[in-house]
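Below is one structure, written out as structure tokens; the observations come after it.
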Amino acid sequence: VGALNPNGNVIFQGGLIWRLRRILIWVLGIYIAIPVIIKVCPSIQAKLVFLNFVRVPYFIDLKRPEDQGLNHTRNFYLQPEEGINIGVWHTVPSVMWREAQAKDAEWYDKSFQSSHPVILYLHGNAGTRGGDHRVQLYKVLSSLGYHVVTFDYRGWGDSEGSPSEKGMTSDALFLYQWIKQRIGQKPLYIWGHSLGTGVATNLVRRLCDRGTPPDALILESPFTNIREEAKSHPFSMVYRYLPGFDWFFLDSITANDIRFASDENVNHISCPVLILHAEDDTVVPFQLGKKLYDLAAQSKSLNGHKVQFIPFPSSLGYRHKFIYKSPQLPNILRCHGLKMHQFFCIPLLT
């Protein structure tokens, strides 16, 4: 079937319509196939939650933190379980920068004996401990007088093993205890970002159940639980209103024993809690962080402990990863009771 255009050329309308139909059939087929494949192979959904295979930025050597501007940082490896080695970075406070040059493992271990407090940083999914926004936060916290200890969970970066919620929490607990053995009674804070907030509340719940809570818990861009986060994630937008969405997608997450139930954990936590969230966060919606705060504020276990929620307006453009840019961060941490030593403003804060 065809028709003549004003120039006398033939337009094959039937062929064009047929090609559009084929494209539509292919798109519809893929749309239907994806939830079916995930339901049949739930391990795929676990990979999408962890995204540990995404190593952005590529081609960086995690053994050389100095290449990322962290030349007061030591890279080393610890073994939380037999056969599992995980990569760790220890960044000393920037006031110790000159002294740290060319120092060995023994010097870094002894540096924990300084009066400076320590932050254990638990990163989110995808990438490694060398991710750019993570490195920038280490620099900011170091400039504020903190030791920063961070690591890649098993299955991330150059750490061995396969990812799981249980394994991530176990690794975090091991690192916490490793730090605690070196600092004694000095302040130790736990900072989680994104998926790392789920690990952080798991960890702190276990510590509080043992009667050994940390000095404070900082949750940056947190969610309530993994099912609510998955339903709110932009990737789920095209399926969110599909009949059976929970059965196809959310139940597949649960089948992998992935819960990250921070909304439950806050009922077992007994230490100060600080929540930071940007209103323009499109990865973990702002309302999930606010909902978690509302639950924490009502928690009986947190009664008597400071629970604070700091929103960052959309006009600042901090989105999911850039709260470290806030020039108010030093005051926020100080007002929440986190001890700081000799901090100064650096270009990252402007």
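In what follows, residues are counted from 1 in the order of the sequence shown. Note that the coordinates shown come from a computational prediction; the quantities given were computed from them, not determined experimentally.
Both Y58 and F53 belong to a common hydrophobic cluster when Ile, Leu, Val, Met, Phe, Trp and Tyr are linked at side-chain heavy-atom distances under 4.5 angstrom. With hydrophobic clusters built from ILVMFWY side chains whose heavy atoms lie under 4.5 angstrom apart, F76 shares a cluster with F112. One hydrophobic cluster holds both L120 and L78 under the rule that ILVMFWY side chains link at heavy-atom gaps under 4.5 Å. Cluster membership for I253 and I44, using ILVMFWY side-chain heavy atoms within less than 4.5 angstrom, is shared. In the hydrophobic cluster analysis, where Ile, Leu, Val, Met, Phe, Trp and Tyr join through side-chain heavy atoms closer than 4.5 angstrom, W178 is grouped together with V204.
Looking only at distances, a side-chain donor or acceptor of Q101 sits under 3.5 Å from a matching main-chain atom of N71. Here the side chain of S159 pairs a donor or acceptor atom with the backbone of G87 at under 3.5 angstrom. At least one donor-acceptor pair closer than 3.5 Å links the side chain of K103 to the backbone N or O of E99. Remark: the backbone N or O of T128 is paired with a side-chain donor or acceptor of R134 at under 3.5 angstrom. Although no hydrogens or angles enter the test, the distance criterion places no donor-acceptor pair under 3.5 Å between the side chain of S162 and the main chain of G155. S94 places no side-chain N or O within 3.5 Å of a backbone atom of W97 that could act as its donor or acceptor partner. Between the side chain of S301 and the main chain of N267, a donor-acceptor pair closer than 3.5 Å is present. Between the side chain of T73 and the backbone N or O of P65 there is no donor-acceptor pair closer than 3.5 Å. The closest donor-acceptor contact from the side chain of D263 to the backbone of L292 lies at 3.5 Å or more, if one exists at all. One N or O on the side chain of H147 and one on the backbone of S111 form a donor-acceptor pair closer than 3.5 Å.
Side-chain N/O atoms of Y318 and D281 include no donor and acceptor closer than 3.5 Å. Side chain to side chain, S142 and H72 meet the donor-acceptor criterion of an N or O pair below 3.5 Å. In summary, the side chains of N265 and N202 do present a donor paired with an acceptor at a separation below 3.5 Å, with no hydrogens or angles considered. There is a side-chain donor-acceptor pair under 3.5 Å between S194 and H320. Side-chain atoms of R227 and T254 include a donor-acceptor pair closer than 3.5 Å. Under 3.5 Å, the side chains of N125 and W156 contain no donor-acceptor pair of N or O atoms. A donor-acceptor contact closer than 3.5 angstrom is absent between the side chains of N75 and H90.
Aromatic ring centroids of F174 and Y176 lie 6.0 Å or more apart.
The shortest distance between side-chain heavy atoms of V284 and E229 falls below 4.5 Å. Proximity of R154 to S170: side-chain heavy atoms (C-beta onward) are separated by under 4.5 Å at one or more points. Contact check for L338 versus I218: side-chain heavy atoms found under the 4.5 Å cut-off. When side chains are defined from C-beta on, I332 counts as touching L274, because their heavy atoms get closer than 4.5 Å. Using a 4.5 Å heavy-atom threshold, the side chains of L48 and Q45 count as touching. Side-chain contact between Y189 and V118: absent, with no pair of heavy atoms (C-beta onward) separated by less than 4.5 Å. For the pair P214 and L207, the minimum side-chain heavy-atom distance is below 4.5 Å.
The environment of CZ in R182 is crowded: more than 12 heavy-atom neighbours from other residues, nucleotides or ligands sit within 6.0 Å. Enclosure of atom CD in Q185 is not indicated, since only 12 or fewer non-hydrogen atoms of other residues, nucleotides or ligands lie within 6.0 angstrom. More than 12 heavy atoms of other shown residues, nucleotides or ligands fall within 6.0 angstrom of atom NZ in K306.
Using a cutoff of 4.0 Å between basic side-chain nitrogens and carboxylate oxygens, K231 and D246 are scored as salt-bridged. Between D294 and K291 there is no salt bridge, since no side-chain N of the basic residue sits under 4.0 Å from a carboxylate O of the acidic one. R319 has no carboxylate O lying under 4.0 Å from a charged side-chain N of D280, or vice versa, which leaves the two without a salt bridge.
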Show, in sequence, the C-alpha distance, side-chain angles and deciding distance for L276 and L219, and conclude whether the side-chain contact (heavy atoms from CB on, under 4.5 Å) test is met.
CA-CA 6 Å; L276 311 171; L219 301 175; over 6 Å; no
Are R206 and D209 close enough, and set up right, to give a salt bridge (charged side-chain N to carboxylate O under 4.0 Å, His left out), and what steps lead you there?
CA-CA 5 Å; R206 291 179 66 172; D209 286 346; over 6 Å; no
Carefully, step by step, assess H123 and F151 under the rule ring-ring contact (aromatic ring centres under 6.0 Å, His included).
CA-CA 8 Å; H123 70 66; F151 68 101; 7.3 Å; no
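Both tests do not hold together for R22 against W26: distance to the six-membered ring centre under 6.0 Å, angle to the ring axis within 45°.
If you take CG on L288 and OG on S221, they are separated by 11.0 Å, rounding to the nearest 0.5 Å. Atom CD of E160 and atom OH of Y77 lie 9.5 Å apart (nearest 0.5 Å). Expressed to the nearest 0.5 Å, how far CG of L122 lies from OG1 of T197 amounts to 9.5 Å. One finds the CD atom of E66 at 8.0 Å from the CG atom of D61 (value rounded to the nearest 0.5 Å). A distance of 4.5 Å separates CD in Q68 from CD1 in I60, rounded to the nearest 0.5 Å. The CG atom of L217 lies 5.5 Å from the SG atom of C271; values are rounded to the nearest 0.5 Å.
Aromatic ring orientation, Y293 versus F309: tilted (interplanar angle from 30° to 60°).
Listed here is the closest heavy atom pair of H268 and R205: NE2-NH2, 3.2 Å.
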